[in-house]
Chemist: 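After the structure tokens below, expect a handful of questions from me.
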Number of protein chains: 4
Amino acid sequence: MRLKEGHKEKDIIEAAIKVFAEFGYHNAKISTIAKKANVATGSVYVYYKNKEDILFNIFDTLWQDLFEKLRIVSDNSALLPDEKVELMVDMVFEVFSGNPSLAVVFVNEQNNIIRLGEYRFNDYYEKFLDFAEAVLKEGIAKGVFRKEIDLNVFRSFIFGAIRYLLHVWAEDPKKIGIKKISSTVKNLLLHGIM
Amino acid sequence: MRLKEGHKEKDIIEAAIKVFAEFGYHNAKISTIAKKANVATGSVYVYYKNKEDILFNIFDTLWQDLFEKLRIVSDNSALLPDEKVELMVDMVFEVFSGNPSLAVVFVNEQNNIIRLGEYRFNDYYEKFLDFAEAVLKEGIAKGVFRKEIDLNVFRSFIFGAIRYLLHVWAEDPKKIGIKKISSTVKNLLLHGIM
Amino acid sequence: MRLKEGHKEKDIIEAAIKVFAEFGYHNAKISTIAKKANVATGSVYVYYKNKEDILFNIFDTLWQDLFEKLRIVSDNSALLPDEKVELMVDMVFEVFSGNPSLAVVFVNEQNNIIRLGEYRFNDYYEKFLDFAEAVLKEGIAKGVFRKEIDLNVFRSFIFGAIRYLLHVWAEDPKKIGIKKISSTVKNLLLHGIM
Amino acid sequence: MRLKEGHKEKDIIEAAIKVFAEFGYHNAKISTIAKKANVATGSVYVYYKNKEDILFNIFDTLWQDLFEKLRIVSDNSALLPDEKVELMVDMVFEVFSGNPSLAVVFVNEQNNIIRLGEYRFNDYYEKFLDFAEAVLKEGIAKGVFRKEIDLNVFRSFIFGAIRYLLHVWAEDPKKIGIKKISSTVKNLLLHGIM
DNA sequence: CATGAATGAGTTTTCATTCAT
DNA sequence: CATGAATGAAAACTCATTCAT
């Protein structure tokens with residue numbers, strides 16, 4: 001029999017990330033993805049149920065990766081709250097640092113993902129924000145963070161700031177170094193501009 | 001007799017904002033917009049060249065509104081840098097506070113706008129960020145703001161944070177009050193969490 | 001405005017009957033139907049939701065026509081049972097006599113219609129067979145028809161015989177005259193071959 | 001070691017009959033047939049040239065079976081014409097009685113078979129109807145059957161009636177017993193309803 | 001200006017068939 | 001012979017845009 005070559009599935013995802021990043025989900029054609037993956041159009045449907053299934057797969061993998069790394073930081077009881085915040089910010093930038101296209105897709109297609117009606121992604125996202133919230137709470141409890149900060153607003157504040165910076169960086173990775181970005185973010189987050 | 005009612009153009013834009021917010025630009029049908037505006041499909045094309053022209057119009061109006069208000073704050077030499085920052089944040093939330101759908105469109109369709117190849121919007125956006133940067137520079141010069149902050153990162157940091165909070169608020173305006181959001185943002189921005 | 005020309009809807013149905021008859025439902029292309037109706041492909045979708053909707057429409061119209069005519073015979077209390085049977089047979093052949101293609105579609109696509117999951121057509125069909133059954137019952141009650149005949153089998157027997165003859169005739173209307181067919185059917189039905 | 005099991009060819013045909021019966025020829029997938037036959041998709045093409053070849057095989061086997069049995073009845077000079085008719089009807093129902101799916105395929109896919117352009121099936125069918133005609137002729141010659149009956153119409157009449165009853169029975173074999181059906185058919189055929 | 005019927009280009013998806021192993 | 005991964009041709013359907021009235 002014709003053996004599965006074993007890399008088509010991955011090739012397709014990688015091609016899809018690039019094509020989604022370049023054209024956006026709605027303007028991305030399956031045929032373009034297939035071509036970029038050196039695969040026939042029909043082969044895409046051997047591995048993925050349909051177009052949205054490809055997008056879901058990208059996000060699934062990504063979130064799982066994020067959680068895994070986040071948990072390691074979160075569970076480390078030797079760290080102070082502010083150190084945790086710093087490490088978390090670093091971690092997020094690290095995940096994307098080797099793959100700007102993935103960052104673009106992550107930022108741009110969030111809405112599509114939700115509009116496509118797959119609610120599991122809301123859960124991922126909530127869970128992620130809960131991590132951020134937990135660290136803040138811990139910091140407040142230990143008297144390291146200011147208690148006037150609304151937790152709900154905080155978590156979206158930091159998520160939005162990072163998400164957008166990720167996008168800015170991904171659009172032109174050479175313009176601002178990712179190190180510079182993450183250190184400025186950490187600084188602003190902890191101390192503000194004053 | 002045919003009444004020249006004279007508000008079709010505006011009706012269409014308002015309908016479009018709602019429809020774009022609900023379905024996203026790509027899934028929004030011209031016929032749906034027309035129906036919501038109580039206008040025939042063909043009439044949409046009397047006032048707008050095509051679908052993207054409607055989106056461009058929404059953003060044009062919006063940016064002009066933002067600039068006008070921003071300039072007033074920026075030009076007020078009686079204000080301290082930190083007061084300026086606070087007022088600017090207030091101002092942005094104010095612009096959208098009466099129109100959640102507009103906020104959703106503003107946040108979600110930014111990418112489409114740019115992908116559609118209309119570069120004037122890059123200019124709008126740059127100009128807007130320049131304002132933010134100018135205020136920061138002024139603050140640094142006056143010794144009010146910390147000079148370690150990278151201006152380029154700062155402006156995207158604040159833009160991203162606000163943009164996302166706008167979205168969170170717009171999706172469910174009753175969940176978190178816009179006042180609470182803007183005060184927390186100002187607080188975080190100036191002083192950080194520590 | 002561009003006025004509805006008023007005959008496109010009918011043109012499409014008529015073209016569809018011909019194309020379905022020639023190629024069968026599954027091999028019939030919307031584009032072929034459109035071409036035959038002198039209409040753009042997209043116009044088909046202005047009038048009909050999708051391909052199966054066209055088929056449903058054909059059958060709806062047909063069954064309604066059949067019922068109307070059947071009822072007139074059925075309700076005529078001046079007729080003897082055997083006269084009713086004769087008239088009903090005549091009537092069915094009459095309905096199709098001007099439109100062989102319609103007969104072909106009626107006979108060949110019955111299964112598709114049911115497989116497509118529109119159960120209203122089962123009702124039509126049951127109702128139709130009930131008419132046949134009622135006439136037989138009446139005949140038995142009056143002692144004109146033999147009471148050994150199983151009603152359930154009878155109604156399918158006659159339906160199948162007529163349906164198939166319709167098909168034979170429609171495939172080549174000149175081969176056997178429809179008059180000859182219907183008179184033989186009536187004869188066989190009432191008296192058998194002995 | 002690979003076992004040459006030797007019944008794959010038959011397994012495939014049997015699976016195909018079931019799948020064609022359930023979904024219809026056009027909606028039946030080769031992969032579904034293969035799965036039901038416990039065989040790989042590609043193996044289907046080892047034994048059959050293509051999809052239509054499977055259908056042709058089913059009909060070939062079936063018709064040969066029908067002819068063989070028909071000839072035995074037809075050639076039996078000890079039988080009276082009406083006895084022959086009765087035996088022929090019995091025989092047809094017998095052929096299908098153990099395999100409702102085969103009956104469904106036989107009835108439903110007749111048209112596809114002809115549309116697929118294999119004309120040998122027209123011959124089969126003509127030959128079959130000729131048998132029926134011959135018996136009728138013999139009966140007329142012997143003065144047992146009425147000579148007013150048009151032979152051409154007769155043979156389609158009986159074919160259509162039986163074909164349809166076969167379908168009705170096959171769709172729900174428990175609803176009406178096949179014995180009841182065949183006895184009613186014989187009765188109606190010979191004596192009519194009066 | 002206003003209308004909404006008509007258009008047809010463009011894309012996803014399916015699945016019979018092939019073929020490398 | 002047997003396999004099932006890979007292929008790509010084919011068709012339904014959508015909807016922005018046009019245009020006759």
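Protein chains get the first letters and strands the later ones, always in sequence-line order, with residue 1 at the start of each.
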Chemist: To the nearest 0.5 angstrom, please state how far the CG atom of D:N99 sits from the CG atom of D:L62.
Modeler: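 Output value for this atom pair is 9.5 Å.
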Chemist: At under 4.0 Å, does any side-chain N or O of B:T41 touch on OP1 or OP2 of E:dG4?
Modeler: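 Result: no.
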Chemist: Hey, does the side chain of B:K8 come within less than 4.0 Å of E:dA2's phosphate (OP1/OP2), counting only N and O?
Modeler: yes
Chemist: Across all strands shown, which nucleotide pairs with F:dT14 by Watson-Crick or G-U wobble geometry, both distances under 3.5 Å?
Modeler: E:dA9
Chemist: Do the ring planes of D:F121 and D:F56 sit parallel (below 30°), tilted (30 to 60°) or perpendicular (above 60°)?
Modeler: tilted
Chemist: Name the closest nucleotide to the B:S43 side chain, picking from F:dT3, E:dA2, F:dT7.
Modeler: E:dA2
Chemist: Taking only the side-chain heavy atoms of D:A40 (C-beta and beyond), determine which of E:dT17, F:dC13, F:dT3 contains the nearest atom.
Modeler: F:dT3
Chemist: Do the side chains of C:K36 and C:D11 get close enough for a salt bridge, i.e. N-O under 4.0 angstrom?
Modeler: no
Chemist: Find the partner of F:dC1: check Watson-Crick (N1-N3 plus N6-O4 or O6-N4) and G-U wobble (N1-O2, O6-N3) distances, both under 3.5 Å, and reply none if neither fits.
Modeler: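 Across all strands, not a single nucleotide pairs with F:dC1.
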Chemist: Has D:Y45 got a side-chain N or O lying under 4.0 Å from the OP1 or OP2 atom of E:dT17?
Modeler: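 Checking E:dT17 against D:Y45, a side-chain N or O does come within under 4.0 Å of OP1 or OP2.
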Chemist: Among C:F59, C:F20, C:F106, which residue meets the ring pair (Phe, Tyr, Trp, His ring centres under 6.0 Å) test with C:Y25?
Modeler: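 Among the candidates, only C:F20 passes.
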Chemist: Categorize C:A28 for me: base, sugar-phosphate, or nothing, with a 4.0 angstrom heavy-atom threshold over every strand shown.
Modeler: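 Answer is sugar-phosphate: C:A28 comes under 4.0 Å of backbone atoms only.
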